[in-house]
Amino acid sequence: MPDLTDPKTQGHFSLGNSPDRNFICAFSNRALGNMSLFYGNTSESLFNRKKFLDPLGIDYQDLVCAKQIHSSFIRYVTETDRGKGALAYDSSLDDTDALIANVGHLPLAIFTADCLSVFLYDPVKPAIGLVHAGWRSTHENIAVKTIQLMREILNTDAASLWVGFGPCIRSCCYEVARDLDEVFSGSLIQRDKRYYLDLVQVNKKQLQDAGVKESHMADSRICTSCQNKDFFSYRKEGKSCGRQMSVMMLR
Ligand SMILES: [Zn+2]
């Protein structure tokens, strides 16, 4: 696994010791530029996507993207969705924060600047899932709802899933309102009378409770705020900041 803290490295991301490489799983960094066609300066986003995805063997025109709204709406993506949101934001799937698919060479993308991306891989079907998990969606249990939908549609067994956590703002930096402690059943971290949320830990716990093995989870350990030099951070830069892309595709 490459050193993901190195700004020159584009984040090919390994899902722990998952048994095969039947999939591609990666995220971009600041050096590759803004990947969003909606947020930040979008004038070079298509060029940036091509630059990021070409070396991965992914055609940027095939991407399936969504209009993310911090919900727990999930979409089962099929061949007819190929290219939605790839060249224009308006063509993205409406109101969706997680994508699942079992079609080969159909790349799924989500965009983040502090929120967590969760990669899901079922080597048995095979099938994949990609989740955009900010605090609202995490509170709505989006990762677990995604694997439930994978079970319903694709017969995925949680015990055989492999999970990866992309870059996000970590509990070192993610100060939240005290009220959220109740929302998250007292799981916030308290330091000097301030409250911090550990998005990865909460998602991990939810997934474990749903039957995913801890030994099947891998974490990029990147904090977008601490490593703001190399990753976009909404908290650090405000509304107009760019977005990194998390991408996943079955080969
Ligand atoms: Zn941090």
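Quick note: numbers below take in every heavy atom, side chains included, and nothing from hydrogens, waters or symmetry partners. Both counts, for ligands and for their atoms, begin at 1 and track the order of listing.
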Practice task
Please answer whether the main-chain N or O of V77 pairs with a side-chain N or O of D81 as donor and acceptor at a distance below 3.5 Å.
Solution key: no
Exercise for the section: Give a yes or no on whether the backbone of A66 and the side-chain of T96 come within a donor-acceptor separation of less than 3.5 Å. Expected result: no
Exercise for the section: Tell me whether L116 is reachable from Y39 by hopping between hydrophobic residues (I, L, V, M, F, W, Y) whose side-chain heavy atoms are closer than 4.5 Å. Expected result: no
Problem - Atoms named by residue and atom, protein N, O or S, within reach of the Zn ion (ligand 1) (under 2.8 Å) - result: C172 SG, C173 SG, C223 SG, C226 SG
Handout entry: Sub-6.0 Å ring centroid separation between Y196 and Y174
Key = no
Handout entry: Summary of side-chain hydrogen bond (donor to acceptor under 3.5 Å, both in side chains) pairs that have at least one residue in residues 232-242, sequence neighbours excluded
Key = R30-E237, D114-S233, N228-E237
Practice task
Please determine if R251 forms a cation-pi arrangement with F23, meaning its NZ or CZ atom is less than 6.0 Å from the six-membered ring centre and no more than 45° off the ring axis.
Solution key: no
